[in-house]
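Sequence lines set the chain letters: A, B, ... in the order given, protein chains first and strands last, and positions in each chain run from 1.
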There are 2 protein chains.
Amino acid sequence: MSLPVSEEKPIELYVNDRKFATFMCTPEYLKELALGHLFTKGIISDMFDINIMNACDELNTITVTLNKDIPEDQFDVSNVITSGCGSGGQIQEDIENNSIDSNLSVYDSLFRNFFVDMYNRSIKYLKTGGIHSAAIADSKELLLVREDVGRHNAVDKVIGASLIKRYDPSSCIVITTGRLSSDMVLKALGAGFPIVATRSIPTNLALEIAQKTNITLIGRGHRASDKIIYTGHERVK
Amino acid sequence: MSLPVSEEKPIELYVNDRKFATFMCTPEYLKELALGHLFTKGIISDMFDINIMNACDELNTITVTLNKDIPEDQFDVSNVITSGCGSGGQIQEDIENNSIDSNLSVYDSLFRNFFVDMYNRSIKYLKTGGIHSAAIADSKELLLVREDVGRHNAVDKVIGASLIKRYDPSSCIVITTGRLSSDMVLKALGAGFPIVATRSIPTNLALEIAQKTNITLIGRGHRASDKIIYTGHERVK
């Protein structure tokens, strides 16, 4: 009998031949993870910014060569993204002059379906528990699901995948099993997603950021009757 | 009606007049948080290393003056501990020549009680959900409980509190609601706790570190019948 554990491995991300970050992550969908991370941090604005990208699970590295230089202060050797960690900090700077402009609206009744569907497609969670899931939905259905031992990594992976598939963020919803702390909402803001739904709840700081930047936050989204729409009610019909 | 949210606030930690870290945390028990963080990172080895310590919730700062200098490389302006983040990295260095020496043993049947007791004393969780709890137990009973939006912060708080109360780490157990990723186990190792129990499960990397450093890891600890003892079975009788 094998004991239930989640997979966690340190993966180094190199950008333009320099170490950019270390993910403590579940080592799958590594390109999506790196893309989502760079996109939510505003390092890349689309796939055209990528020249070459390689992910090698055996060498535990992802290497990205961009078609442009990136600011020196974005490199930081201590930039370790542990299994539960986002990029944090600089909140004021991130939300100033940054707001979501989107007319997306979604039927209230669909949210529970999104969560049920995500649960059923969370292979690792169903096998072992102890891992986070994230998904992207449009106004009708769930489009893709990814899992990672870190809630931020799982969200980075679905955002990276949606970048590859050329989904329009302004028409999509980020679904997550994780608590919505400030860094989770900043991630959605950086990538341009108007709605974030969790089966958990947000923090007061996450809520404040969502209000200021016009993001719809939904908590307890898996519940049919007592889902909570915290902000941006106009997007739920 | 007030909506359920968790409290999250950026709190700056200054050590010897220099910025050491930023916690994205639930702003209570701030001294314990700082102490636990510095202790698990090996910056302080006991309370005698502390000269003066102040925590000001209004100014969002904790200031610590030590009776000694600390290595330059421990200061890092980007050292932001987000609500889900530990200190990560340098795993090999941390576990080399570092192993837990303790004869603590605990009755198998007690673990469920610890979790039930922790749950009943998790005031914020009972009110809103969406927050982590941690606790310290000895071989008989739960000694204290703390809550934080970050699973690492909650563990830092109970470890800091146990330092203030002069509990002997080698006779105590860390109980947590959070997943046991590598950084969580490194935290217990740094502070000298021989047993870590979670209601969730560990990662493969956390398990590997526990095996190498002689830490007992227990998963699904809240369950009476199918608790999982991953490592260090000899400490459970």
Which distance, rounded to the nearest 0.5 Å, do you find between the CD1 of B:I201 and the CD1 of A:I131?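 That separation rounds to 7.5 Å.
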Checking heavy atoms, do the side chain of B:R199, its backbone, both or neither come under 4.5 Å from chain A?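 Neither part.
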Identify which part of A:T198 has an atom lying under 4.5 Å from any heavy atom of chain B, answering side chain, backbone, both or neither.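 Contact with chain B is absent: no heavy atom of A:T198 under 4.5 Å.
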Might you confirm whether atom CG of A:D226 has over 12 heavy atoms from other residues, nucleotides or ligands at distances under 6.0 Å?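 Result for CG/A:D226: enclosed.
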Evaluate side chain to side chain contact (heavy atoms under 4.5 Å, CB included) for A:E8 paired with B:S182, printing each intermediate quantity in order. CA-CA 8 Å; A:E8 181 195 16; B:S182 54; 2.8 Å; yes
State which residues pass ring-ring contact (aromatic ring centres under 6.0 Å, His included) with A:F111; sequence neighbours excluded, sorted by chain then number.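 By the ring-ring contact (aromatic ring centres under 6.0 Å, His included) rule, A:F111 matches A:F114.
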Considering heavy atoms only, which positions within residues 204-212 of chain A lie below 4.5 Å of chain B?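 The stretch touches chain B at A:N204, A:L205, A:A206, A:L207.
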Is there any residue in residues 227-237 of chain A with a non-hydrogen atom under 4.5 Å from a non-hydrogen atom of chain B, and which ones are they?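 Residues of residues 227-237 of chain A touching chain B at under 4.5 Å: A:I228, A:Y230.
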Please name all residues satisfying side-chain contact (heavy atoms from CB on, under 4.5 Å) with A:S122, sequence neighbours left out, ordered by chain then number.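 Partners of A:S122 by the side-chain contact (heavy atoms from CB on, under 4.5 Å) criterion, ordered by chain and then number, come out as A:M118, A:Y125, A:S133, A:V145, A:E147.
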Given the rule in the side chain to side chain contact (heavy atoms under 4.5 Å, CB included) test, do B:S181 and A:M24 qualify, once you have shown the distances and angles that lead to the verdict? CA-CA 9 Å; B:S181 47; A:M24 300 300 296; over 6 Å; no
Do you know which of B:G219, B:P202, B:S200 has the most heavy-atom pairs with chain A at a distance under 4.5 angstrom?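 Most heavy-atom pairs under 4.5 Å with chain A: B:P202.
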